[in-house]
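Letters A, B, ... are given to chains in the order of the sequence lines, protein chains preceding strands, and every chain is numbered from 1. In what follows, every heavy atom counts, from backbone to side chain, and hydrogens, waters and symmetry copies are set aside.
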Amino acid sequence: MPPSSLSTLLSLQPLDVHKLANRFAAHLQLLAAALPKASAAASLPSPILLRLRALHAHILASGFKPRAHILNRLVDLYAKAGDLPSARLLFDAAAPADAAAATSLVNAYAATGRLPLARRLFDCIPLPSRDTVFYNSMISGYARAGDGPLALAIFRDMLRDDFRPDDYTFTGVLSAAATIIVLELDHCGQLHCAVVKSGTEQVISVSNALIALYFKCDSPEIAVIAREVFDRMVKRDELTWTTMVVGYVRKRDINEARQVFDKMEGRFDVVWNAMISGYVHCGLFSEALEMFRRMNSIGISLDEFTYTSVLSACANAGLFIHGKAVHAHIIRSGPDFNPESALPIENVLVTLYSKCGKTNVAKRIFDDIKRKDPVSWNAILTGYVNCGRIDDALAIFQIMPHKNELAWMVMISGFVHNGLAEEGLKLFSRMRAEGTKPYDYTYASTIAACGELGTLEHGRQLHAQLIQFGYESSNSAGNALLTMYAKCGALEEARLMFLVMPNVDSVSWNAMIAALGHHGHGREAIELFDCMIGEGIFPDRISFLTVLSACNHAGLVDEGFRYFESMKHDYGIIPGEDHYARLIDLLGRAGRIGEGRDVIKSMPFEPGPSIWEAVLSGCRMHGDMDLGIYAAEQLFKMIPQHDGTYVLLSNIYAAVGWWEDVARVRKLMKDRGVKKEPGCSWIEVANKVHVFLVNDARHPEVQEVYKFLEILGVKMRKLGYVPDTKFVLHDVDPGKKEYALSTHSEKLAVGYGLMKLPSGATVRVLKNLRICGDCHAAIMFMSKAADREIIVRDVKRFHHFNNGECSCGNYW
DNA sequence: ATAGGGTTAG
């Protein structure tokens with residue numbers, strides 16, 4: 001007897017109690033059916049709640065005493081309709097407590113994220129009133145909230161209290177277990193056993209959850225086990241297939257995912273979205289876009305997940321025009337996303353626009369996001385960091401409401417990779433002080449900072465910490481350590497890293513080759529390069545840059561030439577401007593700048609700044625004035641603010657004693673506002689600039705240093721060190737007998753301390769600096785009489801030494 | 001009365 005409408009019910013006179021009870025029950029049933037399936041209380045249509053209240057009022061007015069099942073129904077409906085206070089009032093009024101009503105309330109609390117409230121209610125219900133479903137609701141509540149351990153605790157309580165778990169229990173328990181971060185294969189196996197024993201394995205939802213669980217496990221053999229579960233299933237639904245696709249995508253096995261995808265029928269939007277995001281994660285952006293086109297042409301509905309993945313594909317593949325087209329399409333077709341589901345799209349748009357260099361557009365989109373989440377903040381932070389706008393990045397970082405691990409990492413690596421290594425280290429300490437856990441990549445950045453600063457001891461401490469965190473097999477951390485040790489002059493430790501790293505990738509090979517090159521083992525470096533090729537590792541453009549540098553350090557000009565040719569012919573890598581620049585640098589250092597000229601002529605493009613810089617530096621070494629000045633002019637045209645040009649040019653002038661021209665260059669710098677502190681390339685003594693080069697034998701002071709270096713070389717070789725490069729004498733003040741030398745290796749510096757200059761002036765190592773392997777850092781040697789400020793040049797900045805104090809506070 | 005899948009920041 002279906003009731004026709006609420007009005008007929010309300011018109012009934014309260015004569016027949018049974019009839020009335022039936023009508024009430026039927027109406028409640030009708031309301032329940034009208035509720036949407038998902039218990040998303042917030043978005044429920046209020047008409048249902050209004051009708052419910054009207055009905056309830058009528059029940060009360062009729063003076064009819066409803067029995068327990070009607071009351072429970074009401075509790076359930078109020079809970080589902082989002083009126084939890086009413087539900088709770090009714091529930092509390094009824095005695096004894098009813099398991100079904102309690103279940104409804106627990107579910108409603110859990111659905112609105114109020115897990116503690118749900119739990120308190122759960123604990124209040126005495127054992128005799130409980131049933132399996134009651135436990136199930138608490139388990140699934142925790143599972144949905146992502147709290148695996150608490151869900152499993154309830155499961156254990158349930159077994160202890162002698163309740164039999166059913167298929168719903170296991171579905172909940174398995175999905176709860178899947179939220180546990182460090183998931184052991186054993187753990188999955190135990191749960192699997194329990195499922196088999198309970199005889200619920202053939203329930204589709206249980207098997208689905210089991211497959212998803214196995215795929216979330218870190219163990220390598222899981223794909224096979226998940227597949228076995230899948231194969232044993234008698235019946236599968238579309239979720240089974242989807243779970244398989246999603247699982248393989250998780251494991252980055254995109255081919256297997258695709259095979260499952262191709263086999264399944266009735267593919268709906270979720271699978272397509274999973275495939276697209278899978279392709280994006282594997283870097284196969286064109287396949288991702290192809291999927292997008294296909295699903296579009298078949299008429300699968302595009303939702304916010306689709307758009308998010310596709311936009312991410314465009315952003316990562318550099319397909320900015322395509323990305324903007326998709327953005328335009330979203331605006332045009334104007335699907336009405338609620339703010340919550342629009343958020344990921346807006347987030348990825350921030351990334352898209354900052355990646356294509358439109359950081360200001362990205363910022364505007366970011367500003368327009370109403371409820372920003374950590375992803376939004378990190379997206380704009382990363383955008384600023386990547387375009388080098390560190391000040392803006394820092395401003396964002398400081399006002400961010402919730403700084404998670406990633407935010408710290410991005411800000412730290414932003415500092416380090418923009419020449420602010422010390423700031424990076426400081427921020428790292430702050431992060432640790434606040435108890436935030438670093439990623440392995442955070443360590444990589446911080447360790448790189450130590451490499452830049454040459455603070456070996458600090459680097460070693462970080463190495464120890466990193467092992468405590470269990471990151472010793474991380475590739476990014478390992479590569480960073482290798483590079484850091486090499487830059488700090490600890491070549492043996494770098495070698496050790498290379499040997500013990502479980503996975504050596506091309507970055508590791510390149511880093512090790514570079515390390516050997518920097519330490520003067522050019523031959524060994526190119527042997528290692530050949531070894532890498534022998535191991536079947538395909539050298540990339542960075543590998544060739546590295547090996548060219550190694551040849552450069554060791555003066556292996558012909559070998560360098562050979563690698564350059566081999567890169568083009570054997571590996572089909574088109575040399576970039578950077579490769580040409582290294583080649584020219586190599587020729588220049590060997591005094592073959594004329595050949596460098598020919599190389600420039602053979603280039604398929606116009607020479608850019610890096611080429612002219614290499615030419616200029618080659619000319620400085622060997623005093624080709626005309627070409628050097630021409631190169632400097634080109635550089636001035638291209639990048640007038642580039643301080644290095646001025647230094648190099650003035651070095652050329654100084655090499656031939658044209659002090660007026662040196663002064664002219666300095667004045668030019670001042671006029672053009674070039675910010676460069678007068679460093680060790682020149683020092684004013686009695687208003688006169690003196691810059692000498694070791695190669696320039698015309699000056700008697702230089703001759704003396706030459707002799708010194710010769711003797712030093714012999715001594716060093718006896719000690720087992722190999723002086724690898726030409727020494728550049730930065731500064732000689734004949735009056736005061738002060739000498740500043742730049743060299744490559746920390747160990748060489750130790751050797752220097754043992755020496756006396758031929759003239760009798762003593763040389764003292766004020767500080768055994770750990771210098772950077774890029775060989776730009778300088779070690780200062782000076783006579784005991786020296787008392788004025790000394791400036792040591794570092795890779796990225798200058799350090800001022802005065803009265804034994806260094807401006808950065810790190811070295812002394 | 002209770003359950004299972006997909007998206008974004010490096």
Fill in: A:T240-A:N208 side chain donor-acceptor pair, cut-off 3.5 Å
yes
Worksheet item: Could you give the OH-to-P distance, from A:Y439 to B:dG10, as a whole number of Å?
Response: 11 Å
Worksheet item: With a non-hydrogen cut-off below 4.0 angstrom, is A:S104 in contact with a base, only sugar-phosphate, or nothing?
Response: nothing
Worksheet item: Near DNA chain B, under 4.0 Å by heavy atom, which residues of residues 349-357 of chain A?
Response: A:T351
Fill in: Under-4.0 Å side-chain N/O to phosphate OP1/OP2 contact, A:T103 with B:dT2
no
Practice prompt. Check the distance between B:dT7's P and A:E304's CD and give it to me in whole angstrom.
Written response: 12 Å
Fill in: A:N316 CG to B:dT8 P, straight-line distance once rounded to whole Å
9 Å
Fill in: Among B:dG6, B:dG4, B:dT8, the one nearest A:T171 by side-chain distance
B:dG4
Fill in: Residue A:N273, side-chain heavy atoms: nucleotide from B:dG4, B:dT7, B:dG6 that is nearest
B:dG6
Worksheet, complete the sentence: Atom CG of A:L74 and atom P of B:dA1 are separated, to the nearest Å, by 13 Å
Worksheet item: Within the structure shown, what part of the strands sits under 4.0 Å from A:R236 by heavy-atom distance: base, sugar-phosphate, or nothing?
Response: nothing
Worksheet item: B:dT7, B:dA3, B:dG10: which one has an atom nearest the side-chain heavy atoms of A:S140?
Response: B:dA3
Item to complete: Would you mind reading off the distance between A:F305 atom CZ and B:dG6 atom P, rounded to a whole angstrom?
Response: 9 Å
Discussion item. For a quick check of understanding: with a heavy-atom distance under 4.0 Å over all strands, which category does A:Y441 fall into, base, sugar-phosphate or nothing?
Written reply: nothing
Discussion item. According to ring pair (Phe, Tyr, Trp, His ring centres under 6.0 Å), who are the partners of A:Y279, at least two apart in sequence or on a separate chain?
Written reply: none
Practice prompt. Would you indicate what A:D167 reaches in the nucleic acid, counting non-hydrogen atoms under 4.0 angstrom: base, sugar-phosphate, or nothing?
Written response: nothing
Worksheet item: Sequence neighbours excluded, which residues qualify as ring pair (Phe, Tyr, Trp, His ring centres under 6.0 Å) partners of A:F305?
Response: none
Discussion item. Given the structure, check if the side chain of A:D237 and the base of B:dG4 hold any donor-acceptor pair shorter than 3.5 Å.
Written reply: yes
Worksheet item: Over how many whole Å does the gap from A:Y109 atom OH to B:dT2 atom P extend?
Response: 17 Å
Worksheet item: Counting any heavy atom closer than 4.0 Å, what does A:L174 reach on the DNA or RNA strands: base, sugar-phosphate only, or nothing?
Response: nothing
Fill in: Pairing residues for A:Y135 by the ring pair (Phe, Tyr, Trp, His ring centres under 6.0 Å) criterion, not counting sequence neighbours
A:F122, A:F163
Discussion item. If the condition is side-chain contact (heavy atoms from CB on, under 4.5 Å), which residues does A:T103 pass it with, not counting sequence neighbours?
Written reply: A:N107, A:V133, A:F134, A:S137
Worksheet item: Strictly under 6.0 Å, is that where the ring centroids of A:F261 and A:W241 end up?
Response: no
Item to complete: State whether A:H417 places a side-chain N or O below 4.0 Å from either non-bridging phosphate oxygen (OP1 or OP2) of B:dG10.
Response: no
Discussion item. Counting only side-chain nitrogens and oxygens, does A:R144 get under 4.0 Å of the OP1 or OP2 atom of B:dA3?
Written reply: yes
Worksheet, complete the sentence: A:M411 CE to B:dG10 C1', in whole Å, measures 14 Å
Fill in: Spacing between A:L239 atom CG and B:dG6 atom P, to the nearest angstrom
10 Å
Worksheet item: From the list B:dA9, B:dA3, B:dG6, which nucleotide is the closest neighbour of the side chain of A:S312?
Response: B:dA9
Discussion item. Could you check whether A:Y78 and A:F91 have their ring centres less than 6.0 Å apart?
Written reply: no
Discussion item. Going by ring pair (Phe, Tyr, Trp, His ring centres under 6.0 Å), name the residues that satisfy it together with A:Y142, two or more places apart in sequence or in a different chain.
Written reply: none
Discussion item. What's A:V133 touching, base or sugar-phosphate or nothing? Going by heavy atoms closer than 4.0 Å.
Written reply: base
Discussion item. Please classify the nucleic acid contact of A:A100 as base, sugar-phosphate, or nothing, using heavy-atom distances under 4.0 Å.
Written reply: base
